[in-house]
Every structure is written in structure tokens, then in C-alpha cells.
Amino acid sequence: MIGHGISYGALSVINAIAMGKGAGFGIDLKTEATVRLTSEPEIVVEIDGYPSEDTRLARFSVEEMLRRYPDSGMRGAVITTTSTIPISQGLKSSSAATNAILAATADALGVVLDPLEIGRIGATVAIAAGVSITGTFDDACACMLGGLVFTDNPKRELLHRLPMPEGYTAVIHLPEFQIRKSAFPKDRMREMADEVSAAYDRALAGDVFGAMYANGVCTCRALGIEPEAADRALACGAAGAGLSGTGPATGILVETDRLDAFLDAFGREHVIVANVRNGDAV
Ligand SMILES: Nc1ncnc2c1ncn2[C@@H]1O[C@H](COP(=O)(O)OP(=O)(O)O)[C@@H](O)[C@H]1O
Ligand SMILES: O=C(O)C1=C[C@@H](OP(=O)(O)O)[C@@H](O)[C@H](O)C1
């Protein structure tokens with residue numbers, strides 16, 4: 001029994017750790033998973049390009065599906081993933097991996113799960129694996145559905161889904177280090193709930209660029225760093241910029257017509273470029 005699943009990536013607008021509600025939008029970085037279910041009770045995981053990465057999230061994802069579908073008679077799996085999403089940089093690698101692995105397992109079992117159900121199962125798995133504080137239902141939805149989503153993570157509810165403004169390309173600034181969820185100062189982030197809540201309302205009212213920046217400043221303050229990449233991106237002509245997720249990557253939106261000029265000014269090192277994915281939200 002073999003199945004395949006894919007998920008795209010996302011960038012943050014609002015980090016849900018501050019007050020439970022989060023927002024983000026889809027981009028076309030991609031994770032693909034293949035799951036071969038076996039009758040032997042062993043789970044083998046291969047994360048392409050990351051031989052020493054933690055495999056608990058992948059294992060827990062398949063284990064949760066086997067628990068939910070006990071009649072399959074399957075007890076183990078061989079899981080392989082390939083991805084263009086850098087890990088533990090705030091770019092939703094864990095949400096995309098969970099989505100893709102859950103979808104691949106469903107495919108192998110011959111069951112159909114809708115994207116919100118995948119996000120809800122993924123939230124439980126991500127918390128159990130220690131890679132999420134709130135369950136990152138915001139990221140799971142943004143990755144799968146595309147467009148700009150607003151969610152209540154503790155309630156696992158999709159509150160709004162709007163199209164992202166057309167004509168912008170995502171540029172991602174990638175520092176050379178990772179931030180693991182266990183090291184993220186979540187209590188300092190929660191102290192900024194009012195400011196983040198105001199940024200959330202701003203995004204919902206249509207000011208995605210202002211919201212991204214304000215949210216990123218709050219997350220930087222929690223981390224004790226400066227929003228240096230976002231400030232430099234705005235000075236180089238970006239329309240919007242802000243630290244993504246728990247960082248350290250910065251999501252930047254640039255008018256597509258000005259992308260080359262922006263990259264000439266901002267620099268092309270430690271940068272990846274992706275398309276904004278609106279899915280069917282347009
Ligand atoms: N392609 C992948 N395949 C399997 N597991 C992955 C993959 N990418 C990320 N993960 C899991 O997610 C963890 C990283 O989670 P996290 O630090 O929250 O990163 P991010 O902020 O990118 O979501 C990794 O340690 C690994 O367990
Ligand atoms: O752990 C969490 O609950 C969250 C992690 C962050 O994402 P990253 O995993 O991309 O850092 C953030 O964007 C999200 O709103 C909530």
C-alpha cells in the first residue's frame with residue numbers, strides 16, 4: 001500500500017503564539033511525501049538532504065493515521081520526504097511535512113481527508129512532536145489552501161480566507177542558523193498579545209504589509225534581535241517585510257516588476273525567491 005502527498009509552504013503575517021490567532025499566506029515552495037505502509041511494526045523515515053534531522057514528526061503523523069484506521073491491518077511504514085523548504089527557519093517546513101505525510105498516508109489507505117481535517121490531525125501531531133506551540137493550524141491551512149488565511153489555532157478554526165494582493169513575488173531572507181520551538185521565548189511573545197492583536201486586525205482590514213512588519217517587530221523583540229533584514233528590505237523598495245513565524249527567516253513581498261532592481265539593491269546571497277500562491281482564493 002503506497003501513497004503520495006504534497007503540500008506547499010507559507011509565510012507568516014501574524015504569529016499565533018502571542019494570542020492564539022494567526023495569519024499567513026501560501027507560497028510555492030513544496031514538500032512531497034511518499035508513504036509505503038507495511039504489516040511489520042517498524043517505521044523508517046528518510047528526509048532527503050537532512051540525514052540527522054529529527055524524525056518524530058513524520059513517525060507520529062503515520063502512527064496517528066494508523067490509530068485512526070485500525071482496520072487497514074498495517075502496522076508500520078517507510079516514509080520518504082523531499083522538500084525545498086529550509087527547516088526550522090520560520091518557513092513552515094513542519095506544517096508542510098505533516099500535511100504531505102498525512103495526505104500520503106490517507107492516499108495509501110484509500111481514504112479521502114479534506115484539507116481542514118488534515119490540519120486538525122496535524123495540529124495534534126505537531127504539538128506531540130514538540131515542533132509547535134499552538135498547533136500551527138494557521139500554517140497548515142496557508143500551506144494547503146493558499147491565499148491569506150486567518151485562524152484560531154486553539155479552536156482549530158479557519159476564520160477567514162482572502163486573496164493575497166496580485167503582482168507581488170515573495171523573497172525570503174535566510175540567516176545561517178535555525179531556531180527550534182523548544183528555544184523560542186513563548187512567554188515574552190505572549191506579553192505582546194495586544195500589539196499582535198492590533199496587527200491581526202490591520203491585516204484583516206487589508207493592510208497585510210503593515211501587519212507583517214508590526215508582527216515581525218514583536219517577534220524580534222521577543223527574540224531580542226533587531227528587524228534588520230525587514231528594515232533593509234523596505235529601504236530597498238519592498239512593499240512589505242517581516243520576520244516569519246518564530247524566525248530567523250524574513251518574508252519580503254516585492255512588486256514582481258521590480259524584483260530584479262530589488263535584488264540588485266538588497267543582494268542575492270542568503271535569499272530565495274518564491275511565488276505567492278493564491279490557490280482558489282482569488
Ligand atoms: N521534509 C521534512 N520531512 C520530515 N520532517 C520534517 C521535514 N521538514 C521538517 N520536518 C520536521 O519538522 C521539524 C522542524 O520543525 P520547526 O522547527 O517547527 O520548523 P519550521 O519552523 O520550519 O516549521 C524537524 O525537526 C522535523 O522533525
Ligand atoms: O508553534 C507555533 O504554534 C507557531 C509557530 C510559528 O510558525 P513557524 O513554525 O513557521 O515558526 C507561527 O507562525 C505560528 O503562527 C504558530
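Counting starts at 1 for both ligands and their atoms, following the listed order.
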Do the non-hydrogen side-chain atoms of M164 and V13 ever get within less than 4.5 Å of each other?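 No. Closest side-chain heavy atoms not under 4.5 Å.
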Residue pair F184 / T219, side-chain heavy-atom distance below 4.5 Å: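 Touching, per the 4.5 Å side-chain cut-off.
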Give me the nearest non-hydrogen protein atom to [atom] as residue plus atom name, then the distance to 0.1 Å.
atom                    : result
atom 1 (N) of ligand 1  : T81 OG1, 3.4 Å
atom 8 (P) of ligand 2  : K181 NZ, 3.6 Å
atom 16 (C) of ligand 2 : T136 CG2, 3.5 Å
atom 24 (C) of ligand 1 : E53 OE2, 3.3 Å
atom 17 (O) of ligand 1 : S88 OG, 2.6 Å
atom 1 (O) of ligand 2  : I133 N, 2.7 Å
atom 11 (C) of ligand 1 : L57 CD2, 3.6 Å
atom 6 (C) of ligand 1  : A97 CB, 3.6 Å
atom 7 (O) of ligand 2  : D139 OD2, 3.1 Å
atom 22 (O) of ligand 1 : S93 OG, 2.7 Å

Geometric N/O contact [X] with ligand 1, under 3.5 angstrom:
X    : result
T31  : no
V131 : yes
S94  : yes
K181 : yes

Under 4.0 Å between a side-chain nitrogen and a carboxylate oxygen: does that hold for E195 and R202?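 No, E195 and R202 are not salt-bridged.
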State whether E63 and R67 are salt-bridged, where the test is any N-O pair (Lys NZ or Arg NE/NH1/NH2 against Asp/Glu carboxylate O) under 4.0 Å.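 Salt bridge between E63 and R67, a charged N being under 4.0 Å from a carboxylate O: no.
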Which heavy atom of L66 sits nearest a heavy atom of S72, and at what distance? CD2-OG, 4.3 Å
Contact between ligand 2 and S132 is defined here as a heavy atom of the residue under 4.0 Å from a ligand atom; is it met? yes
So which bit of D54 gets within less than 4.0 Å of ligand 1, heavy atoms only: side chain, backbone, both or neither?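 Near ligand 1, D54 shows its backbone as well as its side chain.
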How does I47 reach ligand 1, if at all, at less than 4.0 Å between non-hydrogen atoms: by side chain, backbone, both, or neither? side chain
Do any nitrogen or oxygen atoms of [X] lie less than 3.5 angstrom from nitrogen or oxygen atoms of ligand 2?
X    : answer
V131 : no
A16  : yes
K92  : yes
S94  : no
G90  : yes

Would you mind running through ligand 2 and noting each atom that sits below 4.0 Å from a heavy atom of S12?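 Those atoms are 13 (O).
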Give the atom numbers and elements of ligand 1 that come within less than 4.0 Å of a heavy atom of R180. 25 (O)
By number and element, which atoms of ligand 1 are closer than 4.0 Å to a non-hydrogen atom of I87? 8 (N), 9 (C), 14 (C), 24 (C)
Looking only at the aromatic ring of each residue, does the gap between the centers of Y168 and F25 stay below 6.0 angstrom? no
Identify, with sequence neighbours excluded, every residue that meets ring pair (Phe, Tyr, Trp, His ring centres under 6.0 Å) alongside F262.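 Testing F262 for ring pair (Phe, Tyr, Trp, His ring centres under 6.0 Å), a comparison that skips the adjacent residues, returns F266.
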For T169 and T256, test the side chains for any donor-to-acceptor distance below 3.5 angstrom and give the result as yes or no. yes
Contact check, G90 vs ligand 1, heavy-atom distance below 4.0 Å: yes
On a heavy-atom basis, I'd like to know which of L91, T246, D138, N15 is closest to atom 15 (O) of ligand 2.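 Heavy atom nearest to atom 15 (O) of ligand 2 belongs to D138.
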